[in-house]
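Everything on this sheet refers to the single structure shown next.
Along the sequence shown, residues are numbered consecutively beginning with 1. The model shown is predicted, which means the values in this text are computed figures rather than measured ones.
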Amino acid sequence: MTIKAETVIIGGGPCGLFQIFELGLHGVHAHLVESLPHVGGQCAELYPDKPIYDIPAIPVCGARELVDRLMDQIKPFNAEFHLGQQVTVVEKLKDGSFHLKTSVGTEFQTPTVVVAGGVGSFEPMPLKVGDIETFTGRSLFYSIKDPLLHQGKRLMVLGGGDSALDWVLNLQDKAKSMTLVHRRHDFRGAPASVAKMKALVEKGKMDLHYGNVSDYSENAGELCKVEITSLEGKITTHPVDHLLVFFGLSPKLGPIAEWGLNLDKDKIQVDTESFQSNVPGIYAIGDISTYPGKKKLILSGFHEAALAAFAIKAQLNPGKKVHLQYTTTSSVIHQRLGVESPKKKAG
Ligand code: FAD
């Protein structure tokens with residue numbers, strides 16, 4: 001079934017989220033598609049615990065906190081979220097509207113699209129050892145979709161960040177054996193998780209090695225052994241059923257490059273009045289957009305979202321002027337926000 005939408009926002013970073021708000025003020029309902037299983041873009045993925053100091057009127061705000069605040073702010077507009085799916089197809093239909101399709105088969109028809117794809121879709125950084133990639137989804141995993149799948153298995157986790165540590169702690173007592181391999185002595189993950197993991201190692205409940213995977217063996221088409229070269233160059237071999245790799249995520253522009261949009265160094269060229277691209281009906285805001293003087297800041301993306309919303313409202317209501325209304329005084333906006341309008345003074 002194709003979802004009919006007024007607008008579809010591609011990308012759930014801070015700018016895509018704020019786009020929902022700005023459209024909502026104009027009474028435009030949005031669907032948002034995000035390739036990760038959660039919203040937040042770079043803020044959530046690259047620096048969740050770092051403080052941001054240049055959000056107007058908030059002297060300091062954690063990156064994750066900013067995403068939470070945005071989610072709170074857009075609640076009244078009941079946007080629909082389609083997470084864990086990448087928009088792969090954007091094609092123009094004869095009537096001027098667009099057909100969108102995602103990696104899991106969700107389809108939309110919409111007259112307007114806002115690309116808020118940032119630096120692209122985040123994809124796991126691969127383990128590069130021979131042809132080990134061919135085991136992906138069978139005995140090599142870059143994400144855990146169903147923890148039960150790994151129960152009772154000999155697990156080896158690679159990585160030193162929060163994802164690696166969280167899954168070590170989560171699966172250790174369910175696995176037949178657990179080995180963590182990290183390429184250096186420092187861990188990027190939360191100190192509390194590192195301490196818990198080291199306590200398990202001390203109790204003999206799991207193994208910890210510092211080094212890199214240097215080779216592997218297979219049996220009947222599945223991984224069965226992994227060779228680790230330690231930081232000192234010593235080689236050890238470990239029996240393994242499932243290898244779980246958490247090297248972090250890196251952004252890739254991906255399918256956005258194929259939608260017929262004018263690009264400049266992987267960024268979508270827009271005009272600064274409407275933030276529309278060369279394809280009428282497709283807008284671009286945030287880090288993915290470019291124009292003379294562009295600065296890749298959240299603040300700039302918020303401004304771009306406000307102007308794109310005016311342009312989209314105008315496109316959806318041809319011939320009608322889109323008036324500027326203040327959130328402080330507009331009763332229409334108060335209704336949309338679900339807040340009470342201040343009573344007019346009598347007399
Ligand atoms: P992103 O945050 O990149 O989000 C884009 C989203 O789109 C991603 O989640 C991606 O998965 C998704 N996506 C892409 N393609 C598709 C597709 N085809 N289908 C579905 N989803 C897709 N800025 C500041 O203003 N102040 C700061 O202090 C600051 N500090 C920073 C510190 C660091 C370490 C970094 C890396 C950046 C910092 N920035 C800062 C920059 C800021 O994070 C970015 O400007 C901001 O995240 C851009 O938001 P966005 O919504 O445009 O894109």
query = Can you list the steps and then say if Q109 with S97 is a side chain to side chain donor-acceptor pair (under 3.5 Å)?
reply = CA-CA 7 Å; Q109 190 185 341; S97 68; 3.0 Å; yes
Salt-bridge contact K294-E304 (side-chain N to carboxylate O under 4.0 Å) = yes
message = For the aromatic rings, using the six-membered ring if either is Trp, is the centroid distance between H182 and H209 under 6.0 Å?
response = no
inquiry  = Using a 3.5 Å distance criterion without hydrogens, assess whether the side chain of S35 forms a donor-acceptor pair with backbone atoms of G84.
reply    = no
Neighbour count >12 (heavy atoms, 6.0 Å) for atom NZ, K101 = no
message = Counting only heavy atoms from other residues, nucleotides and ligands, does the tally under 6.0 Å from CG of D264 exceed 12?
response = yes
message = As an exercise, state the distance from CD1 of I256 to CG of L263, rounded to the nearest 0.5 Å.
response = 9.0 Å
Salt bridge (charged side-chain N to carboxylate O under 4.0 Å, His left out), paired with D241, selected from K176, K153, K225, R154 = R154
task = Would you check if the side chain of E34 reaches a backbone N or O of G12 as a donor-acceptor pair within less than 3.5 Å?
result = yes
key: Stepwise side chain to side chain donor-acceptor pair (under 3.5 Å) test for S121 and Q86   = CA-CA 7 Å; S121 296; Q86 187 186 42; 2.9 Å; yes
Worked check of side chain to side chain donor-acceptor pair (under 3.5 Å) between D271 and S274 = CA-CA 6 Å; D271 78 66; S274 62; 2.9 Å; yes
ask   = Taking it one step at a time, do S250 and E123 satisfy side chain to side chain donor-acceptor pair (under 3.5 Å)?
value = CA-CA 5 Å; S250 72; E123 291 176 16; over 6 Å; no
request  = Check the pair K75, D72 against salt bridge (charged side-chain N to carboxylate O under 4.0 Å, His left out), reporting the backbone distance first and the verdict last.
outcome  = CA-CA 5 Å; K75 249 188 212 149; D72 242 14; 3.1 Å; yes
ask   = What about H29 and F77, are their ring centers closer than 6.0 Å?
value = no
remark   = Here the pair of heavy atoms bringing E133 nearest to L127 is OE2-O, 3.7 Å
query = Can you check salt bridge (charged side-chain N to carboxylate O under 4.0 Å, His left out) on K198 and E202, steps first, answer last?
reply = CA-CA 6 Å; K198 287 192 172 165; E202 267 175 33; over 6 Å; no
request  = Find the distance between CG (L25) and CD1 (I20) and round it off to the nearest 0.5 Å.
outcome  = 12.0 Å
inquiry  = Looking at R183, I want to see if its CZ is surrounded by more than 12 non-hydrogen atoms of other residues, nucleotides or ligands under 6.0 Å.
reply    = no
request  = List the steps, then state whether ring pair (Phe, Tyr, Trp, His ring centres under 6.0 Å) holds for H99 with F108.
outcome  = CA-CA 6 Å; H99 169 243; F108 301 91; 9.3 Å; no
request  = Check whether the ring centres of F246 and Y142 lie less than 6.0 Å apart, and answer yes or no.
outcome  = no
message = If you count every heavy atom of other residues, nucleotides or ligands that lies below 6.0 Å from K205 atom NZ, does the total exceed 12?
response = no
request  = Any ring pair (Phe, Tyr, Trp, His ring centres under 6.0 Å) involving residues 37-62? Give me the pairs, sequence neighbours left out, ordered by first then second residue.
outcome  = none
Approximate separation, where rounding is to 0.5 Å, of Q269 CD and T290 OG1 = 7.0 Å
request  = Give, for atom CG of L66 and atom CD1 of I55, the distance between the pair rounded to the nearest 0.5 Å.
outcome  = 5.0 Å
request  = Count the heavy atoms belonging to other residues, nucleotides or ligands that lie under 6.0 Å from CD of Q325, then report whether that count exceeds 12.
outcome  = yes
request  = Could you tell me whether a side-chain N or O of N212 sits under 3.5 Å from a main-chain N or O of S214, the two making a donor and an acceptor?
outcome  = no
request  = Compute the centroid of each ring, for H150 and then for F141, and state whether the two points are separated by less than 6.0 Å.
outcome  = yes
ask   = Is it the case that one hydrophobic cluster holds both V332 and I312, taking links as side-chain heavy atoms less than 4.5 Å apart, direct or via other members?
value = no
query = Is there a donor-acceptor pair under 3.5 Å between the side chain of T229 and the backbone N or O of G233?
reply = no
request  = Could you give me the CA-CA distance, side-chain angles and deciding distance for R188 and D162, then say whether salt bridge (charged side-chain N to carboxylate O under 4.0 Å, His left out) is met?
outcome  = CA-CA 7 Å; R188 269 180 295 118; D162 281 319; over 6 Å; no
Pair F275 and Y283, ring centroids less than 6.0 Å apart = no
V90, V270, N278, I288 screened by side chain to side chain contact (heavy atoms under 4.5 Å, CB included) with L261, the one that passes = N278
